[in-house]
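Residues take their numbers from the sequence shown, with the count starting at 1. Heavy-atom basis, side chains included; hydrogens, waters and symmetry copies ignored.
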Amino acid sequence: MRTRTRALATRAGALLASAAVALALTPAVPAAAGPPAPGKPAAPVDLDALFVGAHPDDEASTLSTLGQWNEEHGVRTGVVTVTRGEGGGNAVGPEEGPALGLLREDEERRAVGKAGVREVFNLDDVDFYYTVSAPLTDQVWGGDTLEKVVRVVRQTRPEILLTMDPAPTPGNHGNHQEAARLAIEAFYAAADPKRFPEQITREGLKPFAPARLFTGGARGTAQTGPGCAAAFRPANPAQNVYGVWSGRTSASRGTTWAAVERDAQRTYASQGWAGFPDVPADPAQLGCDMFTQVDARVPFPEPGSPAAAAPTAILDGALTRPEGTVPLGTELTLRTDGFDVRPGTPFEVKVGVTAPPREQLGRSSAALRVPEGWRVEGTGDLGRLSPGRTGTATFTVTPAQGAAGRARVAATLTTERGRGHTDRQVELSPAVRAVQQPLPQVAQYEKWTADVGVPQLRGLVTPVLTLPSGGSRQVGVVVTNVSATVRSGAVRVELPDGFAADRTEAPYSGLAPGASTTVPFTVTNTDPSEKTSNEGGDYAYTLTVTSEDGSSTTRPALELVPAATLAQAAAAPAVDGREAEGEYAGPALDVSRVWEGSACSSPADCSGTAKVTWHDDTLFLVVHVRDEALGTRLPASDCKRHWRTDAVEIAIDPRGASENTSTTFKAAVLPVTAEGPACLLRDADNRQGPGEESAPGMRVASTVSDGSYVVEAAIPMGILPGAVDPAHMGLNILVYDSDTQDKTGQTRIGWSTWGGVQGDPYRWGVATLPGYRPPADRPTTPPEAVIPDSALSSLDSPQSLEQAVRVNVPVAGGPTAERSKAGEAVSARAGRDAVTVTLRAAAPGRAHVFVRDADGTAGNRVVTVASKGTTTVQVPLTRPTKAGATVVTGWQPRNATGTTTSQAPIR
């Protein structure tokens with residue numbers, strides 16, 4: 001039996017003790033009641049769980065779980081959405097920028113509402129374009145986003161924090177990575193009074209420590225059916241993974257929660273989701289929503305136990321109390337004196353327990369459980385724990401000789417009031433560790449895990465480096481001494497067939513404790529017939545490092561990308577959408593490999609070839625595409641977001657060394673428009689926009705016939721972001737295929753093909769241009785990138801303003817304006833064509849005023865108020881209002897931070 005009560009606040013390890021969470025939710029201010037009385041501000045909404053994502057729809061795969069929690073346990077969940085997705089596509093209309101942000105916010109609110117979620121906190125950061133770079137995302141979003149997430153956590157006080165995958169796994173959106181990292185950092189920062197102290201000293205917030213932290217999804221082997229949670233096998237056995245089966249039936253809806261989730265997902269029509277197919281009717285074919293625990297400050301179900309497979313496993317210890325377990329509000333932590341431990345070398349483990357503020361635990365003890373062959377010394381006696389009292393047990397643990405990999409160190413708490421479980425991962429490290437040099441994004445991620453203190457999240461990305469087919473590259477092996485003495489030894493590489501290195505073994509010597517050195521090898525693909533891209537996949541090899549006390553091995557990988565030699569044309573090809581004989585020298589490139597979406601049903605459905613050449617200082621290419629059904633013919637004025645219909649994308653990395661696409665050139669050609677001729681755009685690169693503005697001098701042409709089309713382009717190399725390196729230019733040619741008229745694509749094919757490859761320059765193919773020399777004065781450094789910066793302000797979102805009034809949480813993750821700077825709408829009177837609104841301001845500012853009723857917005861106006869006092873303004877109506885109409889207002893003080901919101905009934 002599980003009981004459900006409001007959990008008491010946990011605390012951030014040994015950092016601090018947080019105040020107890022209220023036992024009942026504070027009633028929200030009624031929608032038409034206006035602001036609270038002066039001097040008596042209402043408390044913010046008290047949430048049970050909070051999901052942090054980057055865009056509307058990021059939470060969509062969790063709605064089955066959130067709906068179950070809400071219906072069966074009264075769990076109140078909120079969603080933080082860092083951006084409104086203004087950089088995404090729009091399959092339902094011409095809206096873009098802030099107008100698209102309004103549309104997507106409305107979709108999100110309606111979608112999550114189907115799972116009982118009412119609160120969506122938009123942070124107003126910029127959704128610029130698809131990227132796989134978290135560093136670029138952080139750069140664009142700016143330095144205040146973490147502060148905003150922490151503020152929302154401190155205001156809403158959720159016990160459960162959910163987010164996305166923070167790792168730069170191939171294809172993982174950089175915005176998703178960054179949103180997850182913000183949530184993980186906020187889990188710790190919100191509890192620490194030294195982080196963003198002005199929120200405490202000026203705004204009156206209190207530190208708050210969420211109880212449990214999860215990322216969505218899991219790495220491992222899954223099954224469907226009601227046993228999916230128990231059957232899941234994590235790739236890392238020491239990881240704690242929990243599942244919530246989507247095949248359970250909703251009592252109020254009479255259908256499976258998977259079907260409820262799918263209905264919610266279809267709400268995202270602007271993203272082309274309206275046509276999502278039904279989920280299987282057979283519950284046995286439905287799987288679990290999986291969640292991976294990152295950290296916990298409270299007891300939680302022991303992995304592998306029946307409790308860990310229960311639908312409430314994620315809630316247990318934080319919001320629900322299984323029979324026989326300790327009371328809610330009990331804090332239980334396990335800390336080791338390091339994540340990296342050595343076989344045969346002792347390390348210290350501390351188990352800390354704090355009784356709830358108002359309940360005693362009585363005589364308590366902790367028992368440590370470790371892998372077989374390990375030794376544990378120490379007593380687990382915690383003494384008698386009265387309300388609020390903390391007890392600590394210290395153990396010395398010695399891993400077995402020969403132990404390797406990740407391991408779980410667990411503690412069982414026994415008290416007079418029940419039992420509890422907690423655990424933590426450690427990694428068995430040899431004296432010397434060797435890894436293939438990481439990609440820049442991976443190196444940055446690994447540093448982040450160390451800086452934030454979440455080493456359990458490192459190593460989630462398989463070390464890979466790309467190698468051009470038939471080519472060579474230097475591969476650095478980073479050797480680190482993790483022991484306490486100077487080490488020497490050797491590094492060996494054992495490559496698969498088709499690859500060779502300039503040497504198979506190389507020495508290192510005199511490596512000081514904690515120091516690293518890089519041992520280089522030159523690796524060559526000796527068999528160009530080996531498959532490239534996702535067809536070849538990862539070519540794993542064995543990397544061995546030796547030292548005085550033995551050796552250890554790892555299995556990194558090489559990935560082959562296609563390579564091409566671009567011959568110089570005798571004359572410049574005519575850009576007319578046709579390939580004349582002899583215009584293009586060299587072999588045709590195969591652009592038929594699928595990298596995302598549905599498989600092509602036949603070559604006639606989607607396939608293609610391309611040829612590329614150069615003449616003088618211009619690149620020329622021609623792309624032949626077989627496509628028996630063309631997608632939507634967009635108007636030339638809607639020549640953007642090319643993935644919505646048929647398009648050819650040309651991606652060029654001039655130096656072949658870009659970390660993200662902000663230093664590359666990416667142009668897309670729609671072969672046909674509603675008006676007929678092809679159109680050109682640039683997207684997700686160094687300078688986006690219509691082709692005539694962003695790619696001056698670039699010429700395109702196309703011809704369309706029954707079952708095929710041809711795209712031809714001339715690209716002056718002077719418009720590329722930097723001089724071309726003729727020995728190593730990054731190149732990709734991608735084809736987007738749509739067979740429908742609903743502005744959605746179904747298949748993506750291309751030359752160098754990997755999931756998410758459009759945002760991954762390091763996985764593009766490599767082109768050489770023998771004989772080409774760029775002008776001597778052409779810079780090799782790319783110009784500053786032009787990044788879209790138009791995001792909707794929550795002050796211009798009536799739904800965000802209404803929510804702020806209802807839940808007493810300011811918009812956009814910002815603070816409440818000081819009372820001396822605040823403004824509000826105090827009354828509203830209906831007229832024939834306008835509503836008369838009386839504003840009261842304590843200082844100059846701007847009022848964003850909306851007339852709202854059951855059908856939405858009936859009128860709006862932004863008013864500048866020049867001085868303190870009362871101001872009467874007219875808000876023109878676009879239509880008659882219905883009964884129950886209100887005026888909702890957002891207030892931005894002049895030259896001051898913070899906002900206020902208010903709502904008044906229309907009389």
Side-chain angles (χ1 to χ4, degrees), residues 50-62 78-90 95-112 117 119-153 162-166 172-186 216 267-268 270-271 273 640-641 643 660-662 683-684 688 759 785-797 799-801 803-804 809-814:
L50 187 67
F51 176 92
V52 180
H55 318 101
D57 74 36
D58 284 349
E59 81 299 314
S61 63
T62 68
V79 174
V80 169
T81 305
V82 179
T83 81
R84 284 183 174 82
E86 294 94 339
N90 185 356
E95 295 89 355
E96 58 180 325
L100 179 58
L102 270 178
L103 188 156
R104 294 197 66 182
E105 178 186 348
D106 181 66
E107 289 179 335
E108 181 172 34
R109 292 185 181 278
R110 289 187 289 114
V112 301
V117 177
E119 282 73 56
V120 177
F121 303 96
N122 292 106
L123 301 188
D124 294 4
D125 281 282
V126 175
D127 180 39
F128 49 106
Y129 53 64
Y130 174 78
T131 178
V132 293
S133 173
L136 178 63
T137 302
D138 180 51
Q139 173 188 327
V140 173
W141 284 357
D144 65 341
T145 309
L146 176 61
E147 178 182 359
K148 293 188 284 188
V149 177
V150 168
R151 182 179 285 111
V152 173
V153 171
L162 308 167
T163 191
M164 310 184 78
D165 181 359
N172 189 17
H173 200 310
N175 290 182
H176 296 171
Q177 297 173 45
E178 186 65 15
R181 297 182 198 184
L182 291 167
I184 292 166
E185 291 184 53
T267 304
Y268 291 107
S270 70
Q271 303 310 293
W273 290 17
K640 54 184 177 291
R641 291 158 187 156
W643 58 86
N660 61 70
T661 60
S662 70
D683 173 70
Q688 303 89 57
V786 177
I787 304 290
D789 59 1
S790 58
L792 178 72
S793 166
S794 285
L795 290 170
D796 293 320
S797 165
Q799 289 181 296
S800 289
L801 299 179
Q803 175 181 289
V809 175
V811 296

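Side-chain contact between Leu136 and Tyr129: present, with at least one pair of heavy atoms (C-beta onward) separated by less than 4.5 Å. The side-chain heavy atoms of Ser797 and Leu792, taken from C-beta on, include a pair separated by under 4.5 Å. Considering only heavy atoms from C-beta on, Asn175 stays 4.5 Å or farther from Val82 through its side chain. Considering only heavy atoms from C-beta on, Thr81 comes within 4.5 Å of Glu108 through its side chain. Leu801 places a side-chain heavy atom less than 4.5 Å from the side chain of Leu795.
For the atom pair Glu59 CD and Leu50 CG, the distance stands at 12.0 Å (nearest 0.5 Å). With values rounded to the nearest 0.5 angstrom, Leu100 atom CG is found 11.5 Å from Arg84 atom CZ. The line from OG1 of Thr137 to NE2 of His176 is 9.5 Å long, rounded to the nearest 0.5 Å. The CD atom of Glu86 lies 9.0 Å from the CG atom of Leu102; values are rounded to the nearest 0.5 Å. Expressed to the nearest 0.5 Å, how far CD of Glu178 lies from CG of Leu146 amounts to 9.0 Å.
A perpendicular orientation is assigned to the rings of Tyr130 and His173, their planes being inclined by more than 60° (bins at 30° and 60°).
The side-chain hydrogen bond (donor to acceptor under 3.5 Å, both in side chains) check on Arg104 picks up Asp57, with sequence neighbours excluded.
Listed for the Gln688 side chain is a donor-acceptor partner under 3.5 Å among the backbone atoms of Val786. Side-chain N or O atoms of Gln177 include one that pairs as donor or acceptor with a backbone N or O of Val132 at under 3.5 Å. Side-chain atoms of Thr83 come within 3.5 Å of backbone atoms of Ala54 as a donor-acceptor pair (strictly under, hydrogens ignored). In terms of modelled atom types and a separation under 3.5 Å, the side chain of Thr661 and the main chain of Ala684 share a donor-acceptor contact.
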Test log, rule salt bridge (Lys or Arg N to Asp or Glu O under 4.0 Å), inputs Arg151 and Glu147: CA-CA 6 Å; Arg151 182 179 285 111; Glu147 178 182 359; 3.3 Å; yes
Derivation of the side chain to side chain contact (heavy atoms under 4.5 Å, CB included) call for Val117 and Val79: CA-CA 8 Å; Val117 177; Val79 174; 4.0 Å; yes
From CA spacing to verdict: side chain to side chain donor-acceptor pair (under 3.5 Å), Asn122, Ser794: CA-CA 7 Å; Asn122 292 106; Ser794 285; 5.4 Å; no
CA sep, side-chain torsions, deciding dist, call: Leu182, Trp141, side chain to side chain contact (heavy atoms under 4.5 Å, CB included): CA-CA 11 Å; Leu182 291 167; Trp141 284 357; 4.0 Å; yes
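Among the candidates Glu95, Gln271, Arg641, Lys640, the single residue satisfying the side-chain hydrogen bond (donor to acceptor under 3.5 Å, both in side chains) test with Asn90 is Glu95.
Between Glu105 and Arg109, at least one side-chain N (NZ, or NE/NH1/NH2) sits under 4.0 Å from a carboxylate O, which counts as a salt bridge. By the 4.0 Å N-to-carboxylate-O rule, Lys148 lies close enough to Asp125 to be salt-bridged with it.
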